[in-house]
Amino acid sequence: MNLSSTIKSIQDIMRKDDGVDGDAQRLGQLTWMLFLKVFDQREEEWEDDNPKYRSPLPTRFRWRNWAAYKADAEGKKKPQIAGSELIGFVNNELFPALKDQIDADRSPQHKVIREVFRDANNYMKSGPQMLAVIEKLEEAINFHDFKTRASLGDVYEQMLNDLRGAGNAGEFYTPRAITQFMADRVDPRLDKREKVMDPACGTGGFLTAVIDHFRNQLTTKSSAEDKRAIETLIRGIEKKQLPHLLCTTNMLLHGIDVPSQIEHRNTLGIGWNEWSAHDKVDCLITNPPFGGYEDDTVGGDYPADLRTRETADMFMALIIKKLLREEGRAAVVLPDGFLFGDGIKATLKKLLLRDCKLHTIIRLPKGVFAPYTTIKTNLLFFTKGTLVDDGSEHFHTDTIWFYEHPYPPGYKSYSKTKPIRFEEFAPEIAWWGSEADNFATREAYDADSNITDKRAWKVDFKSKREQAEAAAKPHWDRAEALNNQAAALEAQARDLRSGLVGSSDAAYREKVEAEIAALREQAEPLRLQARDAQAAGDRLYWPIYNLDLKNPNAPEEESHDPDVLLEKYKTLLGQIEETENQLKSELAAALAHHFTAEVARDA
């Protein structure tokens, strides 16, 4: 039986167990057992290499001493613990020991074991069924065999792929084609010892893609130090127990002997000022969870203009301000909602375009993450700019290139059985060019009239920004002037109010109170006019941060898809509402100006 069939037969065994409910629990159960089995065989190698090696696991709880089948006097392999006693041993001895008796401070290996089992669970209730699983693992998993070791990584990847249909667990998995393409384009360099981080690492897909990318840079001239360096150049953080367990096992299967750099904690729960320059990395690749919300206790110390509870938005703020060093490179998966969103999303996009060079957005079609979600997503590639401290607001993004990734011929969507493939990105890779020459080859592509089906286009963001600022500035200047006038009147009122302190003259107090009321009456319409002028300027400026832009080279397609038609209808309603609000604001400003002029004449 091949390895893939063995894993499927193990899952079938678990389906018979009353304690294991659903694919996510089956995967979690299988993974902690697989972890102990593989870790034990890696320890055999470490013991061969170093006679002084000491296991972080208590002797009684090493796989070889409780799970591995042992040959009896007749050479027949038998379990060490009877099925009737196995569940009691696992629940009452093994798990308490691995959860509570491992000192994480003793060594990185101790830390790994403690973190893996801190929140792990044994779901199986049937000892005989667990013995059957152990027997299958003993027969199929020989990590000393290089063929098995190589295929185990692929089988494990398929197991993770199955998460896509396991309810909310699908959020932890990014298709291999996406992770491989993003790692390839960010291109972290082993020779430069570039550190790579995934602050929401899930099952470790991006990190394994980076490991493979580093190893592909090894040559016959590479030193042992080059090979060892790979382990030190990756860092992942994962909040939830199951994906952390899956990621740690994934690292072990990919040759990372001590995956202690995979931290089990909430990245967003780390205080804003707890991040230091030491945490900044050269490359960052991630698919942050989107659509979720943190509780009120998380993110309260973020800067006021970046404060939000939406997870993807919080990650973007962290990436830009805290995690990516100057000239560091990043690739992030984000939904369409981030591209067209306003409010805090618009503020974050301004921060992104100002502090970074957002050079490429790959627009993916629907279904890349199906069946977990059908939301359309995008791959954003950007480089952190160097600080320009000249007192002015400096934007590092001038031009944004978009590329619309098509479905393969014959496809109308992706699915778990028909996933996106790395080979599909060959056109993007051929088009990509080099950031060193500001992607000069893209300009040639853009100017080539012989290309009839252009998937790429550019947006001159610098010109759009300058035009929007010029159009908005008179309104903003008027708002500032009106606010200054109102502030002066309010300051006079405060001065008059302070002058009343200690006065008991009723007539005098009544006269001053009337003056204060009159000043406030003059200030109030000025504030309203200022607000309307500010809003008028904002309406002209902030739309430039809508990055949900369609391919201008593509013909308009007539769609009868109800979802598409409903989206068009919502867009039209939004445009109508925006026009109505603009007319109301202009009318209110005109009336307020007229009212103020009349008050001035009457005075």
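Crowding of K464 atom NZ: a count of heavy atoms from other residues, nucleotides or ligands under 6.0 Å exceeding 12. The number of heavy-atom neighbours closer than 6.0 Å to CZ of R193, taken from other residues, nucleotides and ligands shown, is above 12. Other residues, nucleotides and ligands contribute more than 12 heavy atoms inside 6.0 Å of the CG atom of D119. Around CZ of R520, the count of heavy atoms belonging to other residues, nucleotides or ligands within 6.0 Å does not exceed 12.
With values rounded to the nearest 0.5 angstrom, D460 atom CG is found 8.0 Å from E466 atom CD. Taken to the nearest 0.5 Å, the NE2 atom of H244 stands 5.5 Å off from the CD atom of E115. Note that CD of Q261 and NZ of K195 are 11.0 Å apart. Values are rounded to the nearest 0.5 Å. In this structure, CZ on F402 lies 4.0 Å from CD1 on I361, to the nearest 0.5 angstrom.
The aromatic rings of W272 and Y302 sit tilted relative to each other, their planes meeting at an angle between 30° and 60°. In this pair, F181 and F422 present their aromatic rings tilted. The plane angle is within the 30 to 60° band. The aromatic rings of W542 and Y545 are tilted relative to each other, their planes meeting at an angle between 30° and 60°.
No side-chain N or O of N484 forms a donor-acceptor pair with one of E480 less than 3.5 Å apart. D191 and Q217 share no side-chain donor-acceptor pair at under 3.5 Å. Counted by atom type alone, D105 and H110 present zero donor-acceptor pairs between their side chains at under 3.5 Å. For the residue pair T399/R442, the side-chain donor-acceptor check at 3.5 Å is not satisfied. Neither side chain, R478 nor Q534, offers a donor N or O lying under 3.5 Å from an acceptor on the other. Under the 3.5 Å distance criterion, with hydrogens and angles disregarded, a donor-acceptor pair is assigned to the side chains of K357 and N438. In summary, the side chains of H405 and E424 do present a donor paired with an acceptor at a separation below 3.5 Å, with no hydrogens or angles considered. Remark: the N122 side chain and the W32 side chain contain no N/O donor-acceptor pair separated by less than 3.5 Å. Judged by distance alone, the side chains of D305 and T347 never bring a donor and an acceptor atom under 3.5 Å apart.
Using a 4.5 Å heavy-atom cutoff, the side chains of I262 and C201 are in contact. Looking at P335 and K376, their side chains never come closer than 4.5 Å, going by heavy atoms from C-beta outward. D296 has its side chain out of reach of V298: every pair of non-hydrogen atoms, C-beta onward, lies at least 4.5 Å apart. Counting heavy atoms from C-beta outward, L526 and N483 have side chains that stay 4.5 Å or more apart. Contact of the P199 side chain with the L318 side chain is not registered, since no non-hydrogen atoms from C-beta on lie closer than 4.5 Å. Using a 4.5 Å heavy-atom cutoff, the side chains of I113 and L57 are in contact. By the 4.5 Å heavy-atom criterion applied to side chains, L364 and V333 are not counted as neighbours.
We find that R228 and D226 are not joined by a salt bridge, their nearest charged nitrogen and carboxylate oxygen being 4.0 Å or further apart. Using a 4.0 Å cut-off between charged side-chain N and carboxylate O, R465 and E393 make no salt bridge. Using a 4.0 Å cut-off between charged side-chain N and carboxylate O, R527 and E490 make a salt bridge.
For an aromatic pair to be called close, the ring centres must be under 6.0 Å apart, and F439 with H359 satisfies this. Y403 has its ring centre no less than 6.0 Å from the ring centre of W457. Between F95 and F117, the gap from one ring centroid to the other is short of 6.0 Å.
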Practice task
Determine, stepwise, if the pair D355 / K384 fulfils salt bridge (charged side-chain N to carboxylate O under 4.0 Å, His left out).
Solution key: CA-CA 6 Å; D355 290 7; K384 181 73 176 288; 5.8 Å; no

Problem - CA sep, side-chain torsions, deciding dist, call: R185, E435, salt bridge (charged side-chain N to carboxylate O under 4.0 Å, His left out) - result: CA-CA 11 Å; R185 294 299 85 196; E435 190 174 359; over 6 Å; no

Handout entry: L358/F381 under side-chain contact (heavy atoms from CB on, under 4.5 Å): CA gap, chis, key distance, verdict
Key = CA-CA 6 Å; L358 174 63; F381 295 84; 5.9 Å; no

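The side chain to side chain contact (heavy atoms under 4.5 Å, CB included) test with I270 is passed by exactly one of K322, R265, E263: R265.
For residues 325-344, the side-chain hydrogen bond (donor to acceptor under 3.5 Å, both in side chains) pairs, not counting sequence neighbours, are E194-R329, D282-R325, D336-R363, D336-N378.
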